[in-house]
**Q** 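One structure is given below, represented as structure tokens, and several questions about it will come after.
Atoms within a ligand are numbered from 1 in the order they appear, just like the ligands themselves.
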Amino acid sequence: MGEKKKIIKTIKIDADKCNGCRSCEVICSAFHAEPKYSSNNPARSRIRVIRDPIRDIYIPVCAGEYTPAECMGRDKYVIDGKEYDECSFCRASCPSRKEFKEPDSGLPLKCDMCEGEDEPLCVKWCITDALTYEEREEEVEEEGEEQEELEIGLESLVDKHGLDKIMDTIARISNKG
Ligand code: SF4
Ligand code: SF4
């Protein structure tokens, strides 16, 4: 495997500026709806705002990697006297939370930086500038990203339905074709 240049895209999150308006959730779920913009259900969003209005806590979190296992130990954060829940800052789609899972299929959702758009839409829609977009170039090892994504999707389906059922379904589909 060789080295190649890769653009690293980052959304910088300033939680202090977030007012919990949830515009980011609305536009993210609308952009990823089928057909595009046909619905806006925050449960399908790849960014979720962890909200606790009584304690004045709003933490926007973009969906990261799928993980089949829950953490055995968890961290609790206290920042400026506010105590945050154990999973507040975590980006994982994991068995212990409902965030970052497609509500109908249970498939993991992952931020794709609004593929095809010149700027992430959640950043564009955030009027308080809690979200800002940054790009930088890095040398990275070449790897099969598509293959990796396919494997993650299959792994989560196997976790949900069991390998036998998935194999049966694949066999049925290929017989149809
Ligand atoms: S759009 Fe910005 S201010 Fe509104 S919830 Fe999202 S991150 Fe917070
Ligand atoms: S960058 Fe796009 S896909 Fe990622 S959380 Fe924001 S709106 Fe959703």
**Q** Can you find a non-hydrogen atom of H32 under 4.0 Å from ligand 2?
**A**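 Distance cut 4.0 Å: H32 passes for ligand 2.
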
**Q** Same cluster or not: V61 versus I13, using hydrophobic residues (I, L, V, M, F, W, Y) connected whenever any side-chain heavy atoms lie under 4.5 Å apart?
**A**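 No; I13 is not reachable from V61 via cluster members.
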
**Q** Return the closest protein heavy atom for atom 5 (S) of ligand 1 as residue, atom name and distance.
**A**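 So the nearest neighbour among protein heavy atoms is R22 N, 3.1 Å.
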
**Q** Around atom 1 (S) of ligand 2, find the nearest protein heavy atom and jot down its residue, atom name and distance.
**A** P120 CB, 3.4 Å

**Q** Among protein heavy atoms, which lies nearest atom 2 (Fe) of ligand 2, and at what distance?
**A** C114 SG, 2.2 Å

**Q** Select one of side chain, backbone, both or neither to describe which atoms of V49 lie under 4.0 Å from any atom of ligand 1, heavy atoms only.
**A**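 It is the side chain that touches ligand 1; the backbone stays farther off.
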
**Q** Around atom 6 (Fe) of ligand 2, find the nearest protein heavy atom and jot down its residue, atom name and distance.
**A**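 Result for atom 6 (Fe) of ligand 2: C122 SG, 2.3 Å.
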
**Q** Which atoms of ligand 1 are found less than 4.0 Å from any heavy atom of T128?
**A** 3 (S)

**Q** Could you tell me, atom by atom, which parts of ligand 1 come under 4.0 Å of a heavy atom of C21?
**A** 1 (S), 3 (S), 4 (Fe), 5 (S)

**Q** Provide the number and element of each atom of ligand 1 under 4.0 Å from a heavy atom of C126.
**A**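 By the 4.0 Å cutoff, the relevant atoms are 1 (S), 2 (Fe), 3 (S), 7 (S).
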
**Q** Taking the side chain as everything from C-beta on, heavy atoms only, tell me whether D85 gets closer than 4.5 Å to D52.
**A**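 Contact flag for D85/D52 side chains = no.
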
**Q** Going through the checks in order, is the side-chain contact (heavy atoms from CB on, under 4.5 Å) test met by E83 and K76?
**A** CA-CA 7 Å; E83 188 172 291; K76 227 176 198 172; 3.3 Å; yes

**Q** Can you tell me if an N/O/S atom from C111 lies under 2.8 Å from atom 4 (Fe) of ligand 2?
**A** yes

**Q** Would you say the side chain of E86 lies within less than 4.5 Å of the side chain of C71, judging by non-hydrogen atoms?
**A**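 No, every pair of side-chain atoms sits at 4.5 Å or beyond.
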
**Q** Salt bridge check: are E65 and R91 linked by an N-O gap of less than 4.0 Å?
**A** no

**Q** Which heavy atom of the protein is the closest neighbour of atom 8 (Fe) of ligand 1, given with residue, atom name and distance?
**A**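 Closest protein heavy atom to atom 8 (Fe) of ligand 1: C18 SG, 2.4 Å.
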
**Q** Number the atoms of ligand 2 from 1 as they appear, then name those within less than 4.0 Å of a heavy atom of D112, with their elements.
**A**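 The atoms of ligand 2 under 4.0 Å from a heavy atom of D112 are 3 (S).
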
**Q** Under 4.0 Å, heavy-atom basis, I'd like to know which part of I47 is in contact with ligand 1: side chain, backbone, both or neither.
**A** neither

**Q** Strictly below 4.0 Å, N to O, side chains only: are E134 and K12 in salt-bridge contact?
**A** yes

**Q** Do you know which of K4, K6, K5 makes salt bridge (Lys or Arg N to Asp or Glu O under 4.0 Å) with E139?
**A**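 Option passing the salt bridge (Lys or Arg N to Asp or Glu O under 4.0 Å) with E139: K5.
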
**Q** Closest heavy-atom contact between F100 and A92?
**A** CD1-O, 3.7 Å

**Q** To the nearest 0.5 Å, what is the distance between NZ on K17 and OG1 on T132?
**A**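 Nearest 0.5 Å value for the NZ-OG1 distance: 7.0 Å.
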
**Q** Does I11 reach ligand 2, in the sense of a heavy atom lying below 4.0 Å from it?
**A** yes

